[in-house]
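Each remark here refers to the structure printed beneath this line.
Counting convention: from 1, in listed order, for ligands and their atoms alike.
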Amino acid sequence: MDAAQREYESDVVIVGAGLAGLAAAREVERLGQTAVVLEARDRAGGRLESIEVDGGRFDVGGQWIGPTQDRLARLAEEFGAKTFPTYASGENAVELDGKLVRYSGTIPKLGPHVLADIGQTMFKLDRMAKKVPREAPWNAPKATEWDSQTTWSWMRRNMVTRNGSKMMELAIGAVWAAMPADVSLLHLLFYISSAGNFDLLLDTEGGAQQDRFVEGAGTLAGRVGESLEDRLVLGAPVRTIEHTADGVVVRADGAIARGRRAIVAVPPTLAGRIAYDPPLPGYRDQLTQRMPMGAVIKCLAFYDEPFWRADGLTGEAISAIGPLTMMFDNSPADGSRGVLVGFLEGHHGRELTRVSQAERRRLVVGNFARVFGPRAAKPDHYVDKSWADEEWSRGCYVGYTPPGVLTAFGPALREPIGSIHWAGTETATVWNGYMDGAIESGERAAAEAVSSLG
Ligand SMILES: Cc1cc2nc3c(=O)[nH]c(=O)nc-3n(C[C@H](O)[C@H](O)[C@H](O)COP(=O)(O)OP(=O)(O)OC[C@H]3O[C@@H](n4cnc5c(N)ncnc54)[C@H](O)[C@@H]3O)c2cc1C
């Protein structure tokens with residue numbers, strides 16, 4: 001699978017071996033055509049990466065699978081990737097106003113006014129999201145109004161308590177790795193619509209954080225990659241796509257692939273960094289200029305046992321003090337060792353890319369210790385990964401749209417341009433931003449590309 005100056009020829013050339021590109025290749029082949037995938041990194045999986053610590057596999061990228069993510073569940077079953085529930089026995093914790101409070105369920109006990117505020121906010125957002133068509137959010141009856149404001153502006157007018165707004169800000173950090181002021185209200189509503197409802201995005205039991213892969217989601221992606229054998233070319237960053245109505249020549253470092261169609265399965269901002277010959281219409285380029293990635297640093301601290309369980313804690317916690325926004329028990333299925341995971345998101349995810357990893361470790365471990373007690377201050381191992389610093393991701397969890405983008409440029413997300421088709425979780429209609437959405441997008445782009453071959 002070495003890319004040294006090799007030439008490839010296939011019906012469809014796919015750029016990117018994240019789940020979207022891998023799913024596209026499998027679907028192209030299932031539909032009876034040939035595919036080759038050019039991947040910049042020296043591994044498949046993109047935003048999924050499992051690392052080994054003391055013989056166990058742990059995800060520094062995407063990890064959870066939840067109900068209704070059926071495409072991912074089918075892929076996992078086919079490749080024998082087993083799942084287990086996220087540890088959820090006991091109470092969660094929240095750090096707010098300088099206090100640490102325990103609670104059960106998704107939403108902390110914050111006093112009746114705050115709870116009512118959060119409840120009415122989620123109810124309103126779910127009701128509005130139902131009016132946003134997943135395939136074409138720009139056609140929502142109030143699309144222009146909703147796409148002309150940030151989520152922050154909407155919260156200012158619709159939320160009445162300071163702590164309710166703070167919780168909402170943390171929830172937005174947890175789902176988009178961005179701040180409410182970054183994200184168009186229409187995008188937020190579309191995202192809720194594509195998942196089903198807001199609770200599904202936020203919940204552990206019954207939601208997107210319900211289960212984990214025993215050997216890691218990155219390991220599953222790696223296996224899917226291996227199944228493509230020599231049709232997956234690693235270490236081949238694509239630089240240029242020459243395209244005509246009949247075909248493409250895709251030039252990567254060390255590899256050239258010729259095909260009848262291309263599927264570009266990378267986040268929009270990275271798709272905009274590839275050179276196209278002839279250049280793409282302004283309409284598409286203006287979209288890729290306007291779809292930033294969120295910023296997240298995922299932090300894992302390892303201990304000899306999950307000691308917080310004996311203290312009646314699930315390991316799930318929210319902090320309004322930070323720098324971590326969300327924390328979870330990330331121990332292996334058999335609980336043979338204790339692992340806490342925490343996320344630096346939104347403005348923390350941006351600012352803390354600029355300090356050393358040693359300083360991050362100090363801040364993160366300090367946050368764990370405030371929530372889980374002094375034993376958390378002394379992990380025997382610590383790992384973190386800043387996704388904005390990754391050359392071939394440039395951020396995470398997802399590319400989102402600021403105001404004005406979906407209504408002006410939305411259709412350019414998926415509309416093929418000549419022989420080039422677009423995939424990637426950002427183009428998904430179901431579970432946009434998630435692994436399941438990545439698979440949906442790859443399968444859709446493959447069907448589109450193959451059917452255009454006639
Ligand atoms: C920390 C973190 C936590 C997450 N948690 C979850 C979770 O719990 N559950 C969930 O469902 N999702 C989660 N996600 C999101 C999930 O990982 C993504 O939605 C999904 O992996 C996206 O797949 P993709 O194929 O669309 O894109 P990517 O995985 O980004 O794949 C794109 C691929 O293209 C390659 N590439 C880029 N540019 C080029 C180029 N020019 N030439 C060749 N190759 C190129 C990249 O290297 C990459 O392999 C998380 C993500 C992160 C980072």
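The distance from ligand 1 to the heavy atoms of Tyr397 drops below 4.0 Å at these ligand atoms: 1 (C), 2 (C), 3 (C), 4 (C), 50 (C), 51 (C), 52 (C). Every atom of ligand 1 with a heavy atom of Gly46 under 4.0 Å away is listed here by number and element: 29 (O), 48 (C), 49 (O). Those atoms of ligand 1 that come under 4.0 Å of a heavy atom in Trp387, given as number and element, are 1 (C), 53 (C). Listed by number with element, the atoms of ligand 1 under 4.0 Å from a non-hydrogen atom of Pro237 are 42 (N). Listed by number with element, the atoms of ligand 1 under 4.0 Å from a non-hydrogen atom of Arg41 are 46 (C), 47 (O), 48 (C), 49 (O). Each of the following atoms of ligand 1 lies closer than 4.0 Å to a heavy atom of Gly45: 29 (O). In the vicinity of Gly433, heavy-atom distances shorter than 4.0 Å reach the ligand 1 atoms 15 (C), 18 (C), 19 (O). Within ligand 1, the atoms closer than 4.0 Å to a non-hydrogen atom of Gly424 are 26 (O), numbered from 1 in the order shown.
Between the side chains of Trp138 and Asp147, no donor N or O sits under 3.5 Å from an acceptor N or O. In this structure, a donor-acceptor pair under 3.5 Å is absent between the side chains of Ser10 and Arg231. When only modelled atom types and interatomic distance are considered, Ser50 and Glu215 share no side-chain donor-acceptor pair under 3.5 Å. Glu345 and Tyr397 form a side-chain donor-acceptor contact under 3.5 Å, judged by distance and modelled atom types alone.
For Ser393, no nitrogen or oxygen atom sits less than 3.5 Å from a nitrogen or oxygen atom of ligand 1, counting backbone and side chain alike. The N/O atoms of Gly61, backbone and side chain alike, include none that comes under 3.5 Å of an N/O atom in ligand 1. At least one N/O-N/O distance between Arg47 and ligand 1 falls below 3.5 Å. Geometrically, ligand 1 and Val60 share no nitrogen or oxygen pair separated by less than 3.5 Å. The shortest N or O to N or O distance between Val296 and ligand 1 is not below 3.5 Å. Among the atoms of Trp64, some N or O lies under 3.5 angstrom from an N or O of ligand 1. Residue Lys298 places no N or O, backbone or side chain, under 3.5 Å from any N or O of ligand 1. Taking only nitrogen or oxygen atoms, main chain and side chain alike, Glu39 reaches within less than 3.5 Å of ligand 1. Below 3.5 Å of separation, one finds no N or O of Leu48 facing any N or O of ligand 1. Residue Pro267 places no N or O, backbone or side chain, under 3.5 Å from any N or O of ligand 1.
Ion pairing between Arg444 and Glu448 holds under the 4.0 Å rule for side-chain N and carboxylate O. We find that Asp277 and Arg251 are not joined by a salt bridge, their nearest charged nitrogen and carboxylate oxygen being 4.0 Å or further apart. A salt bridge is absent between Glu391 and Arg41; no separation between the charged side-chain nitrogens and carboxylate oxygens falls under 4.0 Å. The pair Arg26-Glu29 fails the salt-bridge criterion, with no side-chain N (NZ, NE, NH1 or NH2) lying under 4.0 Å from an Asp/Glu carboxylate O. Using a cutoff of 4.0 Å between basic side-chain nitrogens and carboxylate oxygens, Arg74 and Glu77 are not scored as salt-bridged. Electrostatic pairing of Glu390 and Arg47 does not count as a salt bridge here, judged by no charged N lying under 4.0 Å from a carboxylate O. We find that Glu226 and Arg223 are not joined by a salt bridge, their nearest charged nitrogen and carboxylate oxygen being 4.0 Å or further apart. Salt bridge Asp384/Arg361: absent, no basic N to carboxylate O contact under 4.0 Å.
Scanning the protein heavy atoms around atom 41 (N) of ligand 1, the nearest turns out to be Val238 O, 3.1 Å. Regarding atom 38 (N) of ligand 1, its nearest protein heavy-atom neighbour is Trp392 CE3, 3.4 Å. In this structure, the protein non-hydrogen atom closest to atom 43 (C) of ligand 1 is Ala40 N, 3.3 Å. Shortest contact from atom 11 (O) of ligand 1 to any protein heavy atom: Met435 N, 2.8 Å. The protein heavy-atom contact nearest to atom 53 (C) of ligand 1 is Cys396 SG, 2.7 Å. The protein heavy-atom contact nearest to atom 34 (O) of ligand 1 is Gly16 CA, 3.2 Å. Closest to atom 37 (C) of ligand 1 among all protein heavy atoms lies Val266 CG1, 3.5 Å. Nearest protein heavy-atom neighbour of atom 23 (O) of ligand 1: Ala438 CB, 3.5 Å.
Distance check: Tyr303 OH to Asp380 CG gives 9.0 Å after rounding to the nearest 0.5 Å. With rounding to the nearest 0.5 Å, the separation of CZ in Phe409 from CD in Gln286 is 4.5 Å.
When Gly437, Gly62, Gly442, Gly18 are checked for heavy-atom proximity to atom 4 (C) of ligand 1, Gly62 turns out nearest.
For Arg71 and Trp431, the positive end is not near the middle of the six-membered ring at less than 6.0 Å and at most 45° from its axis.
Separation of the Tyr400 and Tyr191 ring centroids does not fall under the 6.0 Å cut-off.
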